[in-house]
Amino acid sequence: MCLAIEEMRRESRMEGEQRGEQQGRQKGISLMNSLISTLMDMDRLDDLRRASHEPEYREELIKELFPDAG
């Protein structure tokens, strides 16, 4: 009985982790889409180009343009 309960708890935990990971990916994709759109609207194409190659710069831009996203 205890093994069955422990297995159910483990499976529930794994499902929760998978949902959390998926939600995190969705949030990241949404944030990237917003960053791309915003930089294009602001005609900051050089920043967009640089952000596509430099993760640290991309993070700086996200903090600059979306301070509440963090």
Spatial distance of atom [atom1] ([X]) from atom [atom2] ([Y]) [nearest 0.5 Å]:
| X | Y | atom1 | atom2 | answer |
| --- | --- | --- | --- | --- |
| Glu59 | Leu35 | CD | CG | 9.5 Å |
| Lys63 | Arg58 | NZ | CZ | 13.0 Å |
| Ser30 | Gln26 | OG | CD | 8.5 Å |

[Y] side chain reached by [X] side chain, heavy atoms, under 4.5 Å:
| X | Y | answer |
| --- | --- | --- |
| Arg13 | Glu17 | yes |
| Gln23 | Lys27 | no |
| Arg9 | Ile5 | yes |

Taking everything shown except Glu7 itself, do over 12 heavy atoms lie less than 6.0 Å from its CD?
yes

Donor-acceptor contacts, no H, no angles, side chain residues 37-49, under 3.5 Å, sequence neighbours left out:
| from | atom 1 | to | atom 2 | distance (Å) |
| --- | --- | --- | --- | --- |
| Thr38 | OG1 | Ser34 | O | 2.8 |
| Arg44 | NE | Asp47 | OD2 | 2.7 |
| Arg44 | NH1 | Glu64 | OE2 | 3.0 |
| Arg44 | NH2 | Asp47 | OD2 | 3.0 |
| Asp46 | OD1 | Arg49 | NH1 | 3.0 |
| Asp47 | OD1 | Tyr57 | OH | 2.4 |

